*Asks:* 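Structure below; questions to follow.
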Protein chains: 2
Amino acid sequence: MPSTPRRSTKQRSIVLEIVARAKTHPTAEEVFTIARKKLPEISLATVYRNLHLLAEEGKIREVQFEGSTLRYDGMTMEHEHFCCRSCGVVEDLPVSLPAATVASIQSQLGAIIERYSLDYYGVCQRCKESAA
Amino acid sequence: MPSTPRRSTKQRSIVLEIVARAKTHPTAEEVFTIARKKLPEISLATVYRNLHLLAEEGKIREVQFEGSTLRYDGMTMEHEHFCCRSCGVVEDLPVSLPAATVASIQSQLGAIIERYSLDYYGVCQRCKESAA
DNA sequence: GTATGTGCAAAACGTTTGCAGAGAT
DNA sequence: ATCTCTGCAAACGTTTTGCACATAC
């Protein structure tokens, strides 16, 4: 299934670059604010359109944490997250869920498991220590 | 920390009852529609207010799946979910993530992990079979 | 009697869309 | 020349809020 041909625009590459470089899992609004510094005429609608497009192409990922709006993640490898409820920081984690666990659920359900999302919530080291 | 005293109202108990009995992880709008059948004068704002309140008290849970709006879950025990991308069904699953895995991440991060959310995505048995 | 809870309507919020013109191919 | 992409503004769906009245305590 050949998808519509995509053109390369300043707007699109800036959006990709921002998300890829960001370590903060930015929201669309945050990407927009950063993008404006490099390309003042860029519009929020364009940021949204490109975020979806890039996510569809697998070049970035959409992630959503409790109580937050949609965020974007430049880390495209499979991974998990930790969110601090005190300072809000989101840390990327390597895969911790054993493949055998996924396989076992899959066969128990008789379903196909294509992916999963695993988010840990709590208090990060820094906040834990400053609260002590 | 003594929280404000809570009053017991028809509206609140109906909202709780609906979510507790539901097996479908309903949205606020769905809870509202069902509630109207028993209490035609109930307002959507009241449904929202009570859903938040009950979630805060731990009597129900807020859950959010990819591409969906916030849903409510009457199952308060720790558990996980499977979502079918074809028919949209959400199945409750018992805990699959080994406690040792959580403990290991916690010590690696030096953080406190209070809870986690684990959602599996794929195609359920029924949809898998009807597609074959 | 007092303060919480409610219904209503309006506002807020994040996101999407229609459109006419700009720009990539 | 074509067809995608853009900026703008308006629309959208969901959720929250201000207010005056109702109701649980």
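Keep in mind that what you see is a predicted model, and the values were worked out from it rather than measured. Here is how names work: the chains are called A, B, and so on, in the same order as the sequence lines, proteins then strands, and each is numbered from 1. Keep in mind that the numbers below use all heavy atoms, side chains included, and drop hydrogens, waters and symmetry copies.
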*Asks:* List every contact pair, protein side and nucleotides 10-14 of chain C side both N or O, where the distance is under 3.5 Å.
*Replies:*
unit_1  : atom_1 : unit_2   : atom_2 : d
dG14(C) : O3'    : Thr69(A) : OG1    : 2.9

*Asks:* In whole angstrom, give the distance that lies between atom CD1 of Ile14(A) and atom P of dC5(D).
*Replies:*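 Those two atoms, CD1 and P, are 16 Å apart.
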*Asks:* Write down the distance between CG (Leu39(B)) and P (dC8(C)), rounded to a whole number of angstrom.
*Replies:*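 Distance, rounded to whole Å: 11 Å.
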*Asks:* Closest approach to the side chain of Glu41(B), judged atom by atom: which nucleotide of dG7(D), dG7(C), dG23(C) is it?
*Replies:*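 Minimum distance to the Glu41(B) side chain belongs to dG7(C).
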*Asks:* For DNA chain C, whose closest nucleotide is more 5', that of Arg12(B) or that of Arg36(B)?
*Replies:*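 Its nearest nucleotide being more 5', the pick is Arg12(B).
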*Asks:* Does dG7(D) have OP1 or OP2 sitting under 4.0 Å from an N or O in the side chain of Gln11(A)?
*Replies:*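 Result: yes.
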*Asks:* What is the separation between atom CG on Leu16(B) and atom P on dG5(C), rounded to the nearest whole Å?
*Replies:*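 Roughly 15 Å, once rounded to whole Å.
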*Asks:* By the 4.0 Å heavy-atom rule, please label Ser8(B) as base, sugar-phosphate, or nothing.
*Replies:*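 Sugar-phosphate, no base atom in range.
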*Asks:* Please give, in whole Å, the distance from dT6(D) P to Lys10(A) NZ?
*Replies:*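 Answer to the nearest Å: 9 Å.
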*Asks:* Does the side chain of Gln11(A) pick up a donor-acceptor pair with the side chain of Thr46(A) at under 3.5 Å?
*Replies:*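 No, no side-chain donor-acceptor pair sits under 3.5 Å.
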*Asks:* Can you tell me if His52(A) touches the phosphate of dT15(C), counting only side-chain N or O atoms and a distance under 4.0 Å to OP1 or OP2?
*Replies:*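 No.
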*Asks:* Identify the residue among Glu66(B), Gln64(B), Arg71(B) that makes a side chain to side chain contact (heavy atoms under 4.5 Å, CB included) with Ser68(B).
*Replies:*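 So, applying the side chain to side chain contact (heavy atoms under 4.5 Å, CB included) to Ser68(B) and each of Glu66(B), Gln64(B), Arg71(B), only Arg71(B) qualifies.
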*Asks:* What integer distance in Å separates Leu44(A):CG from dC8(D):P?
*Replies:*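 Between P of dC8(D) and CG of Leu44(A): 11 Å.
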*Asks:* Using a 3.5 Å distance criterion without hydrogens, assess whether the side chain of His52(A) forms a donor-acceptor pair with backbone atoms of Asn50(A).
*Replies:*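 No, because the side chain of His52(A) does not come within donor-acceptor range (under 3.5 Å) of the backbone of Asn50(A).
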*Asks:* Taking only Lys NZ, Arg NE, NH1 and NH2, and the carboxylate oxygens of Asp or Glu, determine whether Arg115(A) and Glu78(A) approach each other closer than 4.0 Å.
*Replies:*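 Answer for the salt bridge query: no.
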*Asks:* Whole angstrom is fine here: how far is it from CD in Glu57(A) over to P in dT4(D)?
*Replies:*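 Between P of dT4(D) and CD of Glu57(A): 14 Å.
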*Asks:* Would you say Thr9(A) places a side-chain N or O within less than 4.0 Å of OP1 or OP2 belonging to dT6(D)?
*Replies:*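 Yes, Thr9(A) has a side-chain N/O under 4.0 Å of OP1/OP2 on dT6(D).
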*Asks:* Please report, rounded to the nearest Å, how far the P atom of dA24(D) is from the CZ atom of Arg7(B).
*Replies:*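 The distance from CZ of Arg7(B) to P of dA24(D) comes to 9 Å, rounded to the nearest Å.
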*Asks:* Nearest whole angstrom, please: distance from the C1' of dT16(C) to the CD of Glu62(A).
*Replies:*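 Computing the Glu62(A):CD to dT16(C):C1' distance gives 13 Å.
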*Asks:* Among the nucleotides dC25(D), dG7(D), dT17(D), which one has an atom lying closest to any side-chain atom of Ser43(A)?
*Replies:*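 The listed nucleotide nearest to Ser43(A)'s side chain is dG7(D).
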*Asks:* Taking Arg12(B) for its side chain and Arg7(B) for its backbone only, find out whether a donor-acceptor pair lies under 3.5 Å.
*Replies:*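 Checked: pair present.
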*Asks:* Do Tyr116(B) and Phe65(A) share a hydrophobic cluster (ILVMFWY, side-chain heavy atoms under 4.5 Å, transitive)?
*Replies:*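 Different clusters.
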*Asks:* Does a donor on one side chain and an acceptor on the other come within less than 3.5 Å for Ser117(A) and Tyr120(B)?
*Replies:*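 No, no side-chain donor-acceptor contact under 3.5 Å.
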